[in-house]
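In what follows, a structure is listed as structure tokens, so that the remarks can point back to it.
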Amino acid sequence: AQKVTQAQTEISVVEKEDVTLDCVYETRDTTYYLFWYKQPPSGELVFLIRRNSFDEQNEISGRYSWNFQKSTSSFNFTITASQVVDSAVYFCALRRMDSSYKLIFGSGTRLLVRP
Amino acid sequence: DTEVTQTPKHLVMGMTNKKSLKCEQHMGHRAMYWYKQKAKKPPELMFVYSYEKLSINESVPSRFSPECPNSSLLNLHLHALQPEDSALYLCASSQGQGWQTQYFGPGTRLLVL
């Protein structure tokens, strides 16, 4: 079974705080891809990162960083020094290497950054 | 440029109306997707077109009819919808099949009265 769990439904932080969004996935595949998308109130899903199952290097992009650990099936996302513009729903997704094209989304984490 | 455009942004229609949603991309992507997203839920895949041919229909009711006139355009024709079809409809595209990243448009917010 393929499944993505984002246990944090909603997180509220004060601006400039660091915040980590958790993502745990289940798959029996050895090859797969993981994604993070941001959905601001406007509705568009904005692609943030793609990571394949063979690349466990952590990644940093500005204030964003991602920690991929196959041993715990987790792909967590940290925002450093959060800003009000980071307020959005964040989705973690799993993509199998098959012809289904399907992105298996987690339920999303709503992040509210208060000024 | 990773832009996918969708029109209209908002649509209100009655249950007897016929309307269409439009999606366009100029990234040379050969796979295009329709998703439906209800409030506080993740997107759900509806249809996939690959090289302008319908390759996946996720058991979507026939009142939703997709069309891919060319490699840059994707339409979703709506007819005799129900109030429960009210949702955000998202279009996405990717370079091809497989693991390529799907890039999403801003969506059309549909309200069925």
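Below, read A as the first sequence line, B as the second, and so on, with proteins coming before strands; counting in each chain starts at 1.
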Decide side chain to side chain contact (heavy atoms under 4.5 Å, CB included) for B:Met13 and B:Lys19; before the verdict, give the C-alpha distance in whole Å, the side-chain angles of both, and the deciding distance to 0.1 Å. CA-CA 8 Å; B:Met13 61 186 290; B:Lys19 297 284 185 185; 3.9 Å; yes

Can you tell which part of A:Tyr37 gets under 4.5 Å to a heavy atom of chain B, answering side chain, backbone, both or neither? side chain

Toward chain A, the part of B:Gln6 with a non-hydrogen atom under 4.5 Å: neither

Are A:Glu59 and A:Arg51 ion-paired here, with the side-chain N under 4.0 Å from a carboxylate O? yes

Is B:Gln37 close to chain A through its backbone or its side chain, or both, or neither, when contacts mean heavy atoms under 4.5 Å? side chain

Taking NZ, NE, NH1 and NH2 as the nitrogens, is one of them in B:Glu52 or B:Arg30 under 4.0 Å from a carboxylate oxygen of the other? yes

Carboxylate-amine/guanidinium proximity below 4.0 Å for A:Glu44 and A:Lys38: no

